[in-house]
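What follows is a short report on a single structure.
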Amino acid sequence: MKSEPRTFSIDDLKAAPDGVESWDGIRNYQARNFMRDDMRQGDRVLFYHSSCPTPGVAGLAEVAREAHPDHTAWDPESDYFDPKASPENPRWFMVAIRFVEAFPHIVPLAELRRVSTLRNMKLLQRGQRLSIQPVTKKEYETICRIGRSAASR
DNA sequence: GCCAACGTTGGC
DNA sequence: GCCAACGTTGGC
């Protein structure tokens, strides 16, 4: 899951009550469908910092609550207001995630690109902008190993 | 700030 | 259903 750290970082997640935060504001159908159809309680999440000096994986979270209607969609005061959404027809969904760990050092995108076993990772494919993407177990484990190692920087 | 690559909108 | 125009994402 990608987030701009100026807006919401892994440290912000850690500081949230119980380390839990709702992932509201997703207004892309593919990302919505992925949250609604594929993300399950306890699933691990790579927390990615985007649009910042060193984009990369900052740490880990887990799904604390499965998909439920994103109420910001029918709040006219919200930046994420969608006039076509309503409590009866929510249109947009969100999950809640819980902080698990922050890596000692971010795993930079540039480093991910150098790891041959990650070459098929969706994040690294050309034109891939989706803010929520599936990750294979092997990719997840590889990135955890790099993130926890003293050699990462 | 630039720009490539997508996604969405809306006229026809 | 097509597709041009526009908006967004996100690395660099």
When the ring centroid of A/F47 is compared with that of A/W23, is the distance short of 6.0 Å?
yes

Roughly, in whole Å, what's the span from [atom1] in [X] to [atom2] in [N]?
| X | N | atom1 | atom2 | answer |
| --- | --- | --- | --- | --- |
| A/L109 | C/dT9 | CG | C1' | 14 Å |
| A/D82 | C/dT8 | CG | P | 14 Å |
| A/K122 | C/dG11 | NZ | P | 18 Å |
| A/I26 | B/dT8 | CD1 | C1' | 16 Å |
| A/L123 | C/dG11 | CG | P | 8 Å |
| A/N28 | B/dC6 | CG | P | 13 Å |
| A/I132 | C/dG10 | CD1 | P | 11 Å |
| A/Y29 | B/dG7 | OH | P | 13 Å |

Under-4.0 Å salt bridge between A/R91 and A/D82:
yes

Output the single nucleotide from B/dT8, B/dC6, C/dC12 whose closest atom is nearest the side chain of A/R129.
B/dC6

According to a strict under-4.0 Å criterion, is [X] in side-chain N/O contact with OP1 or OP2 of [N]?
| X | N | answer |
| --- | --- | --- |
| A/Q30 | B/dG7 | yes |
| A/Y48 | C/dT9 | no |
| A/K2 | C/dG10 | yes |

How long is the span from the CZ atom in A/F103 to the CG atom in A/L46, to the nearest 0.5 Å?
6.5 Å

Please convert DNA chain C into dot-bracket. A pair counts if it is Watson-Crick or G-U wobble with both distances under 3.5 Å; crossing pairs go in [ ] and bases paired with another strand get |.
||||||||||||

